[in-house]
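Single-structure report; data block below.
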Amino acid sequence: MNAPVSPELSTSPPSSRLRSSREDPIEQGGPPSAVDRSAALTPAVIGTVLVIVAGWLLLSTVPRTLDEERAFAAAPGCPVAEVSMECRHTVAATVTSAAADHRHRSTYYWLGFGHVQDGPGPLSGRLKSSPLGTGSPKRPALAPRRVKMDGRAPVFAAVRPGSGLRLTYWRGEVRYVEFQGLRQYTAADPRGGYRLPLAAALVLLSVGGACLRSAYCWVRRAEPPAHEPWRLTVPLAAVLLISCFAFGTPWVTGGVPTALLLTAVGAVPVLAGAAWLTRRHHRRTTDTIRVTPLAPLGEVCFPGTILGEVPYSHEGFGHLVAAPGLLASTPDPAGRFARRPVPRTLTAVRVRPPYWTDPGPRPAPGAQVVECRDGATPVYVVTEQRYTALVLGALRRPAEAQLRVGSGTART
């Protein structure tokens with residue numbers, strides 16, 4: 001067998017096409033196809049789920065944590081005669097241990113306690129409502145064995161086993177501890193509890209909105225779906241910047257409205273920059289490739305497929321046979337049997353990179369697509385870059401062929 005032919009391909013500036021300007025190219029717009037709707041389904045579902053979760057966080061979790069923070073700030077101290085869940089109850093305790101737990105590059109600080117001593121006076125209302133819940137007012141109250149502190153300073157670093165301090169309960173949990181005029185809150189501190197769910201909601205809204213926009217573009221074809229790196233990197237960079245900024249705003253602001261406003265203000269320049277880059281790429285780039293047709297003297301067999309709703313497009317036919325005035329698909333790598341020749345009505349429109357919305361499996365990197373038309377039906381011939389010129393030469397009439405190379409039958 002002869003070696004495979006590698007014709008010279010020439011690529012030129014964007015405006016060139018294979019066909020005369022009088023001929024209409026295959027339109028990429030128009031009503032969305034079934035392929036477009038199928039490609040848009042996954043990002044649409046993901047975006048909808050993310051937006052729903054973000055809405056639940058914003059409308060349910062964040063208001064609940066804000067109500068808890070306000071209730072804690074307004075809670076008075078418990079009266080001596082009665083302890084309830086809605087007031088702050090302070091007891092004395094003795095430190096039994098102070099341990100720093102190191103796990104996965106994080107450190108957790110724990111204070112351990114022994115028996116506690118209530119303040120003066122009877123606590124008749126503590127049977128069911130006390131955070132200590134001992135079950136009998138005469139039995140000694142027991143504090144939790146240990147409490148997770150919010151950081152190391154100032155109390156955790158100052159106390160030692162045997163030190164006496166005071167624990168303040170609210171709604172059944174130790175909220176802060178005091179030692180010699182120092183106060184340190186525990187991990188159950190309700191202040192600022194809205195920040196984490198708000199930050200998560202803003203990130204989910206950013207990513208969910210990007211997914212929904214992606215689905216909209218698939219369906220409406222707001223932009224050509226070519227395999228170009230900037231079409232993926234520009235949106236991803238914009239979503240990443242907005243998400244990181246949105247996650248940080250609740251931690252540097254003092255409330256929900258300020259965090260939302262700051263997130264919106266920060267997203268404007270990012271979206272403007274992404275839109276500018278997109279318009280710039282649209283004006284400066286095109287996916288039309290100029291290729292000089294090359295017709296072999298004999299038959300040449302090489303990898304390639306024909307895609308489209310035409311009778312000569314068959315699954316499993318992964319090779320093409322090119323000759324002067326002949327282009328056929330075949331499953332045989334030698335190109336000897338089961339040939340399905342294309343009709344003379346098949347006309348080349350242009351050469352371009354693969355599109356995400358092209359039918360069939362995703363082609364290998366470096367492949368090119370010869371857009372054709374068989375009457376009103378679009379047909380796509382997918383092959384390696386070095387064989388594109390042979391496809392164009394085979395689709396031309398023998399009298400029109402300008403270049404002829406090789407002889408016999410060659411295969412890869």
Side-chain angles (χ1 to χ4, degrees), residues 4 6 9 18 25-46 211 214-215 217-233 235-236 287-289 291 300-322 327-343 346 348-374 377-392 394-395 411-412:
S6 300
L9 304 184
L18 292 175
I26 299 175
E27 297 182 359
Q28 296 303 310
S33 64
V35 176
D36 296 329
R37 295 191 180 94
S38 176
L41 181 60
T42 299
V45 171
I46 294 176
C211 291
S214 174
C217 291
W218 277 111
V219 174
R220 296 300 301 271
R221 294 185 180 183
E223 56 187 28
H227 291 183
E228 295 176 309
W230 69 268
R231 299 184 185 276
L232 182 64
T233 56
L236 281 181
D287 51 15
T288 300
I289 304 171
V291 179
V300 181
C301 185
F302 50 88
T305 56
I306 298 177
L307 304 173
E309 298 180 358
V310 289
Y312 45 90
S313 174
H314 296 275
E315 184 178 356
F317 282 51
H319 289 78
L320 299 174
V321 177
L327 180 67
S329 63
T330 176
D332 179 20
R336 293 191 179 94
F337 65 90
R339 293 185 180 185
R340 296 294 185 271
V342 303
L346 185 66
V349 176
R350 62 168 180 159
V351 179
R352 60 165 175 80
Y355 281 176
W356 293 100
T357 52
D358 285 341
R362 183 175 179 179
Q368 291 183 341
V369 177
V370 180
E371 270 190 19
C372 303
R373 176 180 290 173
D374 189 350
T377 305
V379 180
Y380 309 96
V381 181
V382 184
T383 186
E384 299 177 18
Q385 178 180 350
R386 55 179 175 164
Y387 299 122
T388 305
L390 294 177
V391 174
L392 298 176
L395 290 175
R411 69 182 182 90
T412 58

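Remember, predicted model here, so these are calculated numbers, not experimental data.
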Measuring from atom [atom1] of [X] to atom [atom2] of [Y], what distance do you get when rounded to the nearest 0.5 angstrom?
X	Y	atom1	atom2	value
L327	L346	CG	CG	7.5 Å
H319	T383	NE2	OG1	9.5 Å
I306	F317	CD1	CZ	10.0 Å
D358	E371	CG	CD	7.5 Å

Check: Any donor and acceptor pair, going by atom type alone, linking the side chain of T330 with main-chain N or O of F337 inside 3.5 Å?
Finding: yes
Item checked: T305 backbone acceptor or donor facing S329 side chain under 3.5 Å -> no
Please give me the minimum heavy-atom distance between [X] and [Y], naming the atom from each residue.
X	Y	value
C372	A348	SG-CA, 4.0 Å
P363	V382	CB-CG1, 3.8 Å
E384	P303	OE2-CG, 3.9 Å
V351	Q368	CG1-OE1, 3.7 Å
T377	E309	CG2-O, 3.8 Å
P354	A367	CD-O, 3.3 Å

A side-chain contact here means heavy atoms from C-beta on lying under 4.5 Å apart; do [X] and [Y] qualify?
X	Y	value
L320	Y387	no
C211	T42	no
V342	L395	yes

